Amino acid sequence: MKRQYKLENLGCANCAAKMEHEISKLTWVYSVSINFLTTKLVIEFEDNMKERIQTEIEKIVHKYEDNVILKRV
Amino acid sequence: MKKEIQKVILSILLYIIAILVPANFIIIKIAMYLIAYLVAGYDVMIKAIKDIRNKEPFGECLLMTIATLGAFGAGIYHTFNPVGDGFPEEYAESVAVMLFYQVGELFQSYAVGKSRKSIADLMDIRPDYAMVFRKDILEKVDPFDVEMGEIILVSPGEKVPLDGEVIKGEAMVDTSALTGESVPRRLYMGSEALSGFINKNGVIHIKVTKEFGESTASKILELVENAATYKAKTERFITKFARIYTPIVVFLALGVAVIPPLFTREWLIWCMRALNFLIVSCPCALVVSVPLSFFGGIGGASKKGILIKGSNYFEQLAKAKIVVFDKTGTLTEGKFCVQNIMPVGISKEELLWIANYGESYSHHPIAISIKEAWEQIKERGEKFHQPNISDIREISGYGIELYLDGKEILIGNAKLMELHGIRIQEAKEMATIVYIAMEGEYKGYLSIADKIKEDAKQGISDLRAVGIQKTIMLTGDRKDIGEEVAKALGMDEVYTDLLPHNKVEQVEKFLQKKKNTESLLFVGDGINDAPVLARADVGIAMGGIGSDAAVEAADVVIMQDEPSKIAMAIKISKKTVNIAMQNIIGAILVKVVILILSTLGIANMWMAVFGDVGVTVIAILNSFRALYTENL
């Protein structure tokens, strides 16, 4: 399934690239794209992860920028 | 942001005080530098600690902290082991590097904020509310909650919130947000109103025909926002490059710090040089500015009414060499229209009067075009009486015979005239010819053809000016008509009598023949040519406004029905790709030069800081240019 999140306070482009890379390596993620300028994250992933996806992404995002707020759109 | 600025200003003041403290108060001077350093860099240091915890050895903050603390350490070393007379310079350098880094970050976030805002402005077509009639009361609601079939009211100054049909009132609307066209359009009863139009002067009632999510404004917003998801090759290259760049530079730094001193024993000098490496080790300039360039290009293009559905298409458009056009609906209006009226012995109006009433019972496209021509004449206010029509006989493949006010009329092709033994002057035009005779006497003919779009010729010659080597037309029409249009437009090749699947085959052939460094564009109107749009390197749909099929199938959508916009799209793409390349080459070059100069001991820390944040800011400012498409 596919979901979109808004990454509020995303401030560092290189961090965004690193987040994208790390998320893309998760086995249950088909594809992920972070747009630094619209601060949008688009992710396609295995259906059975839909309960946990937000916390899983948050973990990775906060590793690089801890003041980012993840909002589903 | 405000807090950050205050912090930087405070640190600068402390820094100046530290410089002013006389060199004999060593402890106070060092303490002042240290305080200035901590004020400027405490948050960087906190993040550095996080980097360590996250096992992220190449974190920007960590490297910056190592570099500046290293310099500070060198200062302390020189305080106890002086080399010259003066106070060690490293303290000032260390603080300055941290300060400049922070100032640069501020600039960077300002610039990013600014570009995010210009994107948001672009998105300004999103309507905030809709005024809807419910039980005769006007209610202000979220456009999401309006259903199809409801009646909405749009007052002057308001945006049309949903697509629909005008059922009452009249107004001039500004369509520029959707089409890039600055001349306002008049809406009246029966016109189609699209969400995103801005009402300039009248009050109009609109019957909603599409839900908000399906309305034009939402569609366009979705398209522009998602455009950057399809990354350009250059962008993907930069992301990959960024991942290896930092580790490479850090290992080089280690090399510089360790290897030469093994021979020279000058440990401190080489360590200082290595610290410069760490400062320029962030690929930020590239990671921010390259996507920003493409995003600017998408924004700039959409201001011109050109929607580019992904950054990857910029590169394809920029290297376009062949443009294949569909004829009908793309280069021509796709609608029959009376081109010439050639009467014999009567006036043009009389001839058209006969044709109009003669064809008045027919629904054939030819008959419709004649009626339209007649309506135009009537609008000029000339008076003609309504004739008595009787004994209509339609002879399939020939035309019509009838009586108008008791006179025998023949309207049809040359064969019909021949059948009745009427001598005609054969018309030489490449069009459908309708001959007319009255009471056995030839009265003239009308030529009916699909009209070439006004700026089609300009569009083709513009393409040549932007480096297109070949323009090709594909059409399902007859050979003579197709060739005539191609000649009139000055196109290089034309292929006629093609069925839709033949068009795909033709395009396949062109694709096989072209070089890899070139790309092929296909321009269609989205009707019947979706497979070709998908097959070409870039599929461009013309007049996409309101046509969902075209928007779905194409890679680039030209909102207004103007062939000249294709050359514009190519120009914008070339500019965008150029800007991205300038940023890449410029940033890498500066960094490499600074690395070399640092190794040679020529570059100091100041230059290294410029190589980091200075370059980033310049690259961001440069990518802003992609947004401006006014003077192309």
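Fair warning: this is a prediction, and the values are worked out from it, not measured in the lab. In the text below, chain A, chain B and the rest are named by the order of the sequence lines, each starting its count at 1. Basis for what follows: all heavy atoms, side chains included, without hydrogens, waters or symmetry-related copies.
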Pick one of side chain, backbone, both or neither for Cys61(B), based on which atoms fall under 4.5 Å of a heavy atom in chain A.
neither

Return each pair, listed once, that meets side-chain hydrogen bond (donor to acceptor under 3.5 Å, both in side chains) where at least one residue sits in residues 236-252 of chain B; pairs must be two or more places apart or across chains.
His21(A)-Arg243(B)

Distance, nearest 0.5 Å, that separates OG of Ser311(B) from CG of Asn35(A):
8.0 Å

Is there any residue in residues 52-66 of chain A with a non-hydrogen atom under 4.5 Å from a non-hydrogen atom of chain B, and which ones are they?
His62(A), Lys63(A), Tyr64(A), Asp66(A)

Any heavy-atom pair between the side chains of Phe36(A) and Val287(B) that's under 4.5 Å?
no

Who pairs with Cys15(A) by disulfide (SG to SG under 2.5 Å), at least two apart in sequence or on another chain?
Cys12(A)

Applying disulfide (SG to SG under 2.5 Å), which residue pairs with at least one partner in residues 42-73 of chain A are found, sequence neighbours left out?
none

Would you indicate whether Phe100(B), at its atom CZ, is surrounded by more than 12 heavy atoms from other residues, nucleotides or ligands within a distance under 6.0 Å?
no

Output the option from Val288(B), Asp51(B), Asn54(B), Leu286(B) having the highest count of non-hydrogen pairs under 4.5 Å with chain A.
Asn54(B)

Considering non-hydrogen atoms only, spot the tightest contact between Lys18(A) and Gly59(B) and give its length.
NZ-CA, 4.2 Å

What's the separation between atom CG in Asn14(A) and atom OG1 in Thr616(B), rounded to the nearest 0.5 Å?
10.0 Å

